[in-house]
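Every value quoted in this text rests on a predicted model; they were computed, and no experiment measured them. Keep in mind that the numbers below use all heavy atoms, side chains included, and drop hydrogens, waters and symmetry copies.
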Amino acid sequence: MRNKGMIRFNVLILTVVLGLSMLTGCVFEDRTMTTAMEASHYGIVETNMSMEEKLEDFEYMYELLKDNYPFFKVNERLHNVDWLGNKKQYTRKIKSTQNDAEFLVSINDILNDLNNPHTHVFNGEVYKRYYKHFYPFQHDVLNYERAMARYGFDGNVETIQINPEYNFLISNEPVLKTDILIENKLAYLKIESMSAYHIEEDYSRIQDFLKEVEDYEKLIIDIRGNLGGFDKYWHNLVEFLIDEAKITKYYSFFRGDYRDKYRMYKVSSVKPVDNLDEEILAKFPPEVKTDFDEYTINYIMLYPFDELDFKGKVYLLVDRNVFSSSEKFASFAKDTGFATLVGETTGGDRVFPEIPFAYLPNSGLVIRFSAELGINSDGTINMETRTVPDIQVDPTPNEDFKQDKCIQAVIEDKN
């Protein structure tokens, strides 16, 4: 496998790793007050930061997001949250913290108000998993001296201990399941995660299974609950099944200049929004023109491996947890006609460039934040409208496929 640190990835981690048990303290009805467990519970080192240091870090984070974060207006429309307008409330929340652990939880709560799972603060488990994943690539943010001290890391990757109960990013658990639901008619392939650590080993498994079912009438690819991962995983699958090139393009818009600070976040081939033709701009929401500086066009171009001759119909099962790289698969499948989507509207936030990390200068806490406004093929914002399936039905999985409404919708589909 090529250097893992240089593979682009898009993963939902807030609900997977941080979780309420890991990073949320006891938040009173007064949202400006926060309590927390001891610092060690979150995998950080207590340093007894001064209030001045905490407020400086919050101000740095606020200004960073104010200049670079793309979804403030989406958040207002979908969740009625004016994040920028809540600054005084968030400042009071920071002022109420009594130690570093409470500060961490407060930052987490404040970022949660953005309602974007790509945007969050790292606890110790997340920090160490990312460090181990990128190694030996020297990630500038993760190697910030105060970040390493905050997360109790001495720089020796061999000493990193990760919690085996979590599968985020680094996992030995299988992510692929195959089955024959109706002999000679309906095949089933379930992908739990677009895992970088399974791309090579699952390549041959997918190939062998698809050869076995290439004469079937229907193939189900089930990505319900798939929170994302690495595009190469689903690219391989598609290229086994197509008999002609599948190409689509998506606009992405950016604001601020943080992505230019580090080489790995820099977006190539960006152009000023002002260069876009007015007729094209008119297809997008008004904030594209008023709030964003640059844009790029992303192409997904997949070509057949010419190893199989599958002539059946492909169905992609989706739900609200389909996010990031899996969302990219869902939108690609719908827009190119590769598959018929079945289930409920996805989770959105299809991304192309690397999602930025940033450290808070005093505490060394590391945050991750969305920095790309992705546009759907119909001109809407992907994080706002997501991807709507062709056949809408209750997406709840059921071990008995005869009781699974998505699978039954596929069986009943006559188109």
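- Using a 4.5 Å heavy-atom cutoff, the side chains of L84 and Y62 are in contact.
- For the pair N68 (side chain) and D257 (backbone), a donor-acceptor distance under 3.5 Å is present.
- Under the side-chain hydrogen bond (donor to acceptor under 3.5 Å, both in side chains) criterion, E239 pairs with no residue, sequence neighbours left out.
- Under the 30°/60° scheme for interplanar angles, the aromatic rings of Y135 and Y131 are found to lie parallel.
- For T336, the side chain to side chain contact (heavy atoms under 4.5 Å, CB included) partners two or more places apart in sequence, or in a different chain, are K246, T248, F332, F338.
- Residues meeting the ring-ring contact (aromatic ring centres under 6.0 Å, His included) test with Y69, sequence neighbours left out: F71, F72.
- In this view, Q98 and E102 satisfy the side chain to side chain contact (heavy atoms under 4.5 Å, CB included) rule, not counting sequence neighbours.
- Side-chain atoms of Y90 and D113, non-hydrogen and from C-beta on, do get closer than 4.5 Å to each other.
- Cation-pi check for K328 over F352 is met; the charged atom lies under 6.0 angstrom from the ring centroid and within 45 degrees of its normal.
- Remark: Y359 engages no residue in a side-chain hydrogen bond (donor to acceptor under 3.5 Å, both in side chains) (not counting sequence neighbours).
- For Y233 and H235, the ring centers are positioned 6.0 Å apart or more.
- Taking the side chain to side chain contact (heavy atoms under 4.5 Å, CB included) definition, one finds that D274 meets it with nothing, sequence neighbours left out.
- Every pair passing salt bridge (Lys or Arg N to Asp or Glu O under 4.0 Å) that includes a residue from residues 146-161 is listed here, sequence neighbours excluded: D100-R150.
- Here the side chains of I160 and R129 are not in contact, with every heavy-atom distance at 4.5 Å or above.
- Within the 4.5 Å cutoff, the side chain of T345 has heavy atoms near those of the P389 side chain.
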(request) In sequence, state the C-alpha distance, the side-chain angles, and the governing distance for Y203 and F240, and then conclude on ring pair (Phe, Tyr, Trp, His ring centres under 6.0 Å). (result) CA-CA 10 Å; Y203 179 94; F240 274 126; 5.0 Å; yes
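- Looking at residues two or more places apart in sequence or on another chain, you find no ring-ring contact (aromatic ring centres under 6.0 Å, His included) involving F292.
- Looking at residues two or more places apart in sequence or on another chain, you find no side-chain hydrogen bond (donor to acceptor under 3.5 Å, both in side chains) involving E46.
- Listed by first and then second residue, the salt bridge (Lys or Arg N to Asp or Glu O under 4.0 Å) pairs involving residues 50-69 are E59-K87 (not counting sequence neighbours).
- Other residues, nucleotides and ligands place more than 12 heavy atoms under 6.0 Å from the NZ atom of K190.
- Residues satisfying the side chain to side chain contact (heavy atoms under 4.5 Å, CB included) test with R92, not counting sequence neighbours, are T32, K88, Q89.
- Applying the side chain to side chain donor-acceptor pair (under 3.5 Å) test to pairs two or more places apart or on separate chains, those with a residue in residues 395-406 are R224-D404, D394-T396.
- Contact check for Y251 versus I280: side-chain heavy atoms found under the 4.5 Å cut-off.
- Among the candidates R320, R386, Q392, the single residue satisfying the side-chain hydrogen bond (donor to acceptor under 3.5 Å, both in side chains) test with E344 is R320.
- The number of heavy atoms from other shown groups lying within 6.0 Å of CD (E145) does not exceed 12.
- Y250 pairs in a side-chain hydrogen bond (donor to acceptor under 3.5 Å, both in side chains) with only one of the listed residues (D335, T296, N382), which is D335.
- The ring of H118 has its center closer than 6.0 angstrom to the ring center of F323.
- Among K73, R77, R255, the one residue that satisfies the salt bridge (charged side-chain N to carboxylate O under 4.0 Å, His left out) test with E287 is R77.
- The side-chain heavy atoms of D179 and F401, taken from C-beta on, include no pair separated by under 4.5 Å.
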